Amino acid sequence: MLNNFITLKQILEGYKKKEFTSREVFASFYDKINERDPIIKSFITKLSLEDLTLNDFSMPIAYKDNFSTKGILTTAGSGILKDYIPPFNATVVEKLRNSGFVCIGKLNCDAFAHGTTGENSDFFATKNPYSLERTPGGSSSGSAAAVAAGFVPVATATDTGGSIRLPASFTNTVGIKPTYGRVSRYGIIAMTSSTDSIGHITKTVWDNAFVLNITAGHDPKDATSSCDKTADYLSDIEMGMAGLTIGIPKEYLKGLSGGIKDCFNSSIKTLEKLGAKLVGVSLPHTEYAINAYYIITPSEISSNLARFDGIRFGTTRESFGSEAKRRIMLGTYSLAAGYYDDYYLKAQKARTLVIKDFKRVFEKVDVLAAPVSPGIPPKLGEVVNDPIKMYMMDTLTVPANLAGVPALSVPAGFVNKLPVGIQFIGKNFSEKLLYRVGHAFEQETKYRSPKR
Ligand code: GLN
């Protein structure tokens, strides 16, 4: 019986009805981890069940390894931090802890979250539970794989250019990239400070909204966190999508593989059936987003990684992996005198155009619907040695990061037996609406997906 529960909602209901104890719940998740994580390899650090302090309503959680956890190894997937034990918790970790979540471990990711397949982790590559020869997506590879494999009902993650939505899409899970500034970045090991968004991956949309209710909000320790009031993300979740106008951006339909296109077309038929009005829209500067992102991101990375100077954190700079080195070099180049105007400044101008595209389109539509990735999860080893190929997997996710707008990835079906997601993108601080749309879509489609 216990092996069947997978969602936070089921766990909470079971506790209320006294159907099982928290120790039984945790033990059942640990059973799955012990059985399958030696193959999937989602955890960098696993705490042992005996060491956890549980109370009646405790819920299991695991953190992407770029979230600072007091007294627990925090590597960000990088050899540079292989021995780093933070003396403090990230604000998000603190909030979740205070709400009854108990950390059972830290999850693998691309080093410093640079990557799209998880293979840039300096430790090992995580496998996709749906196909062991393929990537679960990155950079939050461990977070997505752990939730998909049923090791935890929720894992935190970061989305700087797609690292929550893309792995969620590749593993049949739900991932939120909140509005920039909605969730505190304090205590998260920085990648690109102007686009880092803190979110999480779950099995269902309801669970996802439940967790954002805990993590969202202003944090005096993060000057870029928003002072705007948070919403109750669960309150309208059952309202359905009748009366909503959903935009289908034509630029997001270019270059899709055949299977992805078919899957997306059948998803938008579902949206229509559920009562949404679909309109074709254009965000004309979308094609520049990927280029702008891969100038701005390395630039900020070159600054953020300067703190790993070989004097602090115990290791020398020799431990930087090749992707981190590549980004430091590209970033310092784009920012250097003589190149700045042609690269960094130009990229920021393109970014402004991308932001304006979104502003304009959200005057006409409530939400946008788009594919998350142009293709299916690649095989491990297929793109890791070809950075440009890997970067191109991010074309449909980076625009939301450059603009700061929120986006929710929801399972949309299977192509060649591999999971495929759809993303709903909204205007700033519209997470509540995204959950409403995502929930209606999920309720209509979930029974068609295997293994859910
Ligand atoms: N794949 C993108 C990159 O490598 C995004 C990474 C992320 O969102 N952390 O930059």
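Note that the coordinates shown come from a computational prediction; the quantities given were computed from them, not determined experimentally. Residues take their numbers from the sequence shown, with the count starting at 1. Order of appearance sets the numbers: ligands from 1, and atoms from 1 within every ligand.
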Contacts table for ligand 1: protein N or O within a distance under 3.5 Å of ligand N or O, distances only.
{"unit_1": "ligand 1", "atom_1": "1 (N)", "unit_2": "Gly115", "atom_2": "O", "d": "3.0"}
{"unit_1": "ligand 1", "atom_1": "1 (N)", "unit_2": "Thr116", "atom_2": "OG1", "d": "2.8"}
{"unit_1": "ligand 1", "atom_1": "1 (N)", "unit_2": "Asp394", "atom_2": "OD1", "d": "3.3"}
{"unit_1": "ligand 1", "atom_1": "1 (N)", "unit_2": "Asp394", "atom_2": "OD2", "d": "2.8"}
{"unit_1": "ligand 1", "atom_1": "4 (O)", "unit_2": "Gly115", "atom_2": "N", "d": "2.9"}
{"unit_1": "ligand 1", "atom_1": "4 (O)", "unit_2": "Tyr294", "atom_2": "OH", "d": "3.2"}
{"unit_1": "ligand 1", "atom_1": "4 (O)", "unit_2": "Arg327", "atom_2": "NH1", "d": "3.4"}
{"unit_1": "ligand 1", "atom_1": "4 (O)", "unit_2": "Arg327", "atom_2": "NH2", "d": "2.8"}
{"unit_1": "ligand 1", "atom_1": "8 (O)", "unit_2": "Thr160", "atom_2": "N", "d": "2.8"}
{"unit_1": "ligand 1", "atom_1": "8 (O)", "unit_2": "Gly161", "atom_2": "N", "d": "2.7"}
{"unit_1": "ligand 1", "atom_1": "8 (O)", "unit_2": "Gly162", "atom_2": "N", "d": "3.3"}
{"unit_1": "ligand 1", "atom_1": "8 (O)", "unit_2": "Ser163", "atom_2": "N", "d": "3.0"}
{"unit_1": "ligand 1", "atom_1": "8 (O)", "unit_2": "Ser163", "atom_2": "OG", "d": "2.7"}
{"unit_1": "ligand 1", "atom_1": "9 (N)", "unit_2": "Ala113", "atom_2": "O", "d": "2.9"}
{"unit_1": "ligand 1", "atom_1": "9 (N)", "unit_2": "Ser139", "atom_2": "OG", "d": "3.4"}
{"unit_1": "ligand 1", "atom_1": "9 (N)", "unit_2": "Ser163", "atom_2": "OG", "d": "2.8"}
{"unit_1": "ligand 1", "atom_1": "10 (O)", "unit_2": "Tyr293", "atom_2": "OH", "d": "2.7"}
{"unit_1": "ligand 1", "atom_1": "10 (O)", "unit_2": "Tyr294", "atom_2": "OH", "d": "3.4"}
{"unit_1": "ligand 1", "atom_1": "10 (O)", "unit_2": "Arg327", "atom_2": "NH1", "d": "2.9"}

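- Between Asp37 and Lys46 there is a salt bridge, with a side-chain nitrogen of the basic residue lying less than 4.0 Å from a carboxylate oxygen of the acidic one.
- The aromatic ring centroids of Phe308 and Tyr84 lie 6.0 Å or more from each other.
- Ring geometry for Tyr339 versus Tyr343: interplanar angle of 30 to 60°, hence tilted.
- Residue Asn208 is tested with His439, His200, Lys203, Glu431 for a side chain to side chain donor-acceptor pair (under 3.5 Å); the sole match is His200.
- Judged by distance alone, the side chains of Arg327 and Asn304 never bring a donor and an acceptor atom under 3.5 Å apart.
- Side-chain rings of Phe101 and Tyr63 stay apart, their centers remaining 6.0 Å or farther from each other.
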